[in-house]
Amino acid sequence: MLEKTYDPAAVETRIYEGWQEAGAFKAGAGAKPGAETFSIVIPPPNVTGSLHIGHALNNTIQDILIRFERMRGKDVLWQPGTDHAGIATQMIVERQLAERQQPGRREMGREKFLERVWEWKAESGGTILNQLRRLGASADWSRERFTMDEGLSEAVRKVFVTLYEKGLIYRAKRLVNWHPGLETAISDLEVENIETNGKMWHLRYPIEGSEETITVATTRPETMLGDVAVAVHPDDERYKHLVGKHVILPIVGRRIPIIADEYADPELGSGAVKITPAHDFNDFEVGQRHGLKPINIFTTTARLNNTVPAEYRGLDRFEARDRIISELEALSVLVWVDDKKIMVPYDEKSKVVVIEPFLTDQWFVNAEVLARPALASVKEGRTKFVPKAYENTYYAWMENIKPWCISRQLWWGHQIPAWYGPRLNTDPDFNNRDAGPKCFVAETEAEAIRLAQSYYGNRKIEVYSAGVNAPDYAKALSTFETAQRDRMNADTWSMRKHKDPFAELSDSKVPLHRDEDVLDTWFSSALWPFSTMGWPHQTPELAKYYPTDVLVTGFDIIFFWVARMMMMGLEFTGTEPFHTVYMHALVRDEKGQKMSKTKGNVIDPLELVDEYGADATRFTLAAMAAQGRDMRLAIARVEGYRNFVTKLWNAARFLEMNGCTRVEAFDPRANTLALNRWIVGSTARAVATVTAALDDYKFNEAANAAYDFVWGTFCDWYIELAKPVFTGDDEAAKAETQATAAFVLDQILKLLHPFMPFVTEELWAETGKTGPAREKLLIISEWPDLKGFEDTEAQAELDWLVALISGIRSVRQEMNVPAGAKIKLLVVGAGDVTGTRVEANLSALTRLARLDSVDYTSDVPRDSAQLILGEATFVLPLAGVIDLDAERTRLKRDIAKETVEIDKIDKKLGNEQFLAKAAEEVIEEQRTRRAEAEDRRARLIEALSRLS
RNA sequence: GGGUGUAUAGCUCAGCGGGAGAGCACUACCUUGACAUGGUAGGGGUCACAGGUUCAAUCCCUGUUACACCCA
């Protein structure tokens, strides 16, 4: 016997372990040989992460799809894993070291520090995946991957080297977004521009050899130390005569040109702008156009470096601003100051650190080339976005894609597979400092040495791993370079040889060192759909499960991740990594605000699981997952669906109490009772609706259809109507109903399983204790298919019965008949069908409408309430109970309602245009509705006349 | 500044070219042998506003307003 209420906490862990032990999550579990495949790769959560409500939604949706397709018999893989999350993870470990007052990262050195991070990962990295298990995620944990696993790292190296060889990855000195706190470059996407109250400072620069001055406006006066020019618009009449002259930069004293460039906007400020190519993206381009050499005034921590006057060196950028302003003021260079709203680039994660455009050597991906096929895939429909509106977002990004800066000055991540050595004096770039060192890109060190060997001839290659600043490396490098330089001049070289008998050997050993930077975390994430399946090796999994089917994700990572997976997938496998991208909404609080720790409005999904159970939590998320709209999560909804779980549980309990045991080889189509034929037909329709909705990714429709059917149809009507059968003495009817009830419950458990896996699996086990043995767990049982089980005749009869019972109940309440009182029912004017229906459903009718007798008459007693249904009138003689005035009011109200309806339809039918242009079936429908309303009204009027 | 989306019951949300829906909340009644985490019945909406298209608009189009988000 089932308990009175279902206790999720007591059941969920046991059920989950049962699935694991049965191997139900394993790729291909339950699939028939040769079955179609269905695969999803999880958006790998950060190892540093813990489950938030967005993850809960994301993974609930994936799990629903996976369980649905698994039950449909497909060969299913849900590939789980985690992302190494370079910056976040490194920061956590660094913070931990600081808290424990242990040596910092730099003191420890790279190798020790990385060991430390791996230790941390081993201890804490699995948290979020364990949290997903609590939600019921049925991923194939035996295939768990991590972006820094050896296999995935191999994929990363392969991709890097291949793209490098194709010229699609290159190293360049460019302005990048620099994070002065972390001292690393970040990508454009990791920067968030936030509108801030700023100021516009107007500075008056003196013109060389003239009394004239030129006024420039800037929001960042401290960067004037790095100014290399002043630009005006070529058509700006005010300044034409100044172009070609020079200004003397105040404080610094540098002589810089006035140039003409269209970037200067005559409408903005004074129309003249200072050009600081090292610290502004627009200025950088202006500088390039005019061959101006950028002057970098900052260190990697955004303090002023030694290119600036001594008194400013070492100052923080904001401190420097104040000091510069004071000095400019004192020099009367500062003319005036305006308040201005400005966009300040912040670190997208912390939203605290101001990002600095900074000139460094970095690695870039030529995203423009990779984007072309990725763009075409979506345009040509090979990959579809759901909802479709996101395709535009994707296009807008892809059509304007910028080079992707992929190097990060961090330690935790995939170290860039590039090795550097000194250039030979025969190299055309030997004296070109901007060209940088000679670079060898290879998947392994051995391969890099081979490449180097072919460049350096038979010199000995020595790889230094202690870093570019290690003394022995610096020494070896300078020895080599000096020798190469000295060899270029015959005199120098012969003098050297004379002094040093070993001079010829001084450049016989070449020092090589590996690039110390690591790759952007998203670089490895971009390979996730195929790297997790063993690529670059041609594994069976790759052949079977790639390309995947659906990618389920939030729109916030459409650029970070989706776009890049498309690019890499197409480039390296020749196929789109998925045919559908399902973008789910953002979960907000019930007031529509974004959840955040600082606002304190975070709903923790694990707390929901603890309090209401995983099933209720999942069902809520599914029921609210309408496409293209953010969801506001209200706890009351979760509570409501918890009640639904209880309702289902109790329905099963009722069936159990009434001997509803499954019957071997039961054929629902052989049923004779309308009640049973009706519920089977309704089940068929519910199955069809839920299946279609899931096929369309309309999770809310699927969930609601299942809910309506289970509660509104099965519990509210079928079980209620079955009660008299169970307590009656028609044994054949009882047996048929018991078998049908058990059959329908089975279908319900299957239908609900993707949404509520735990309670359904538990009930599947409980109901399996009697009747024929269950062959397998619910999770791998077959999805119901009841096509052709509909029964329109039974449907019509039960619709009628429901309407009659509801009608009588309604009258009883309005007439204030005590709920416990049993009353008589008289049937007037019933035809054959109604008569048969009344007789067939007599016990149900009597019970649910609380009647004590049903009789036929043509003689309506006075003081009765009357109900119109079909051709018959149902009369409730309520002498003594009934309030005649109330009944008259009720009838008049109903008559008025019908009149309004008739008038409305008449207006349409009287319109010639309508008759001429509307569809035939629409007109016909209106006519039918009118006739029905007219008939009801006539009989209501008749009923009213009987009352007086 | 450019773009996208949303506006429907007190709240959270579905829906849709031809009869305004659900859950929660609310009101009344009911411990009827599954379930009070329940049952029955009910009240409650100018479908944001203004135009337009259409025989017909909550739905399609345009504009306005408000809110949200994305990009610069």
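Predicted model only: the values in this text are computed from it and were never measured. Numbered from 1 within each chain, the chains take letters A, B, ... in sequence-line order.
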Hey, which of these two, Y6(A) or I805(A), hits RNA chain B nearer its 5' end, going by closest nucleotide?
-> Y6(A)
Could you check which of A34(B), A72(B), G39(B) has an atom nearest any side-chain atom of M343(A)?
-> A72(B)
Check against side chain to side chain donor-acceptor pair (under 3.5 Å), N676(A) and Y718(A) = CA-CA 8 Å; N676(A) 291 327; Y718(A) 180 72; 2.6 Å; yes
Contact class for E639(A) vs. all strands (heavy atom < 4.0 Å): base, sugar-phosphate, or nothing?
-> nothing
Could you tell me whether F385(A) and Y390(A) have their ring centroids closer than 6.0 angstrom?
-> no
Pick the C1' atom in C47(B) and in G17(B), then give their distance to the nearest Å.
-> 15 Å
Give a yes/no on whether any side-chain N or O of K4(A) is located under 4.0 angstrom from OP1 or OP2 of G38(B).
-> no
In 5'-to-3' order, the base (B), backbone-only (S) or no-contact (-) status of each nucleotide in nucleotides 56-61 of chain B, using a 4.0 angstrom heavy-atom cut-off, is ------
Hey, which sits more toward the 5' end of RNA chain B by its nearest nucleotide, S806(A) or N650(A)?
-> N650(A)
A41(B), A34(B), G38(B): which one has an atom nearest the side-chain heavy atoms of N643(A)?
-> G38(B)
Which part of the nucleic acid does D716(A) contact within heavy-atom distance under 4.0 Å: base, sugar-phosphate only, or nothing?
-> sugar-phosphate
Would you check if there is a donor-acceptor pair between the side chains of E190(A) and S187(A) at a distance under 3.5 Å?
-> yes
Sugar-phosphate, base or nothing in reach of R642(A), heavy atoms under 4.0 Å | base
How is R929(A) classified with respect to the nucleic acid when contacts are heavy atoms under 4.0 Å: base, sugar-phosphate, or nothing?
-> base
Tell me what R847(A) touches on the nucleic acid: a base, only sugar-phosphate, or nothing, going by heavy atoms under 4.0 Å.
-> nothing
Return the nucleotide paired to G18(B): Watson-Crick means purine N1 to pyrimidine N3 with N6-O4 or O6-N4, wobble means G-U with N1-O2 and O6-N3, both under 3.5 Å.
-> C55(B)
Rounded distance in Å between the P positions of U6(B) and G44(B) | 30 Å
Base, sugar-phosphate, or nothing for A916(A), non-hydrogen atoms under 4.0 angstrom?
-> nothing
Look at the side chain of R809(A) and the base of U40(B), then say whether one donor and one acceptor between them are separated by less than 3.5 Å.
-> no
Beyond-backbone contact of Y346(A) with V354(A), side-chain heavy atoms, under 4.5 angstrom = yes
Looking only at atom P, what distance separates G19(B) and G3(B), rounded to whole Å?
-> 37 Å
Contact residues, residues 897-907 of chain A to RNA chain B [heavy atom, < 4.0 Å] = K904(A)
Check whether any side-chain N or O of R662(A) sits under 3.5 Å from a backbone N or O of F743(A) as a donor-acceptor pair, and report yes or no.
-> no
Just wondering, do L752(A) and D615(A) contact through their side chains at under 4.5 Å, heavy atoms?
-> no
From the list C69(B), A28(B), A34(B), which nucleotide is the closest neighbour of the side chain of F555(A)?
-> C69(B)
Counting any heavy atom closer than 4.0 Å, what does T393(A) reach on the DNA or RNA strands: base, sugar-phosphate only, or nothing?
-> nothing
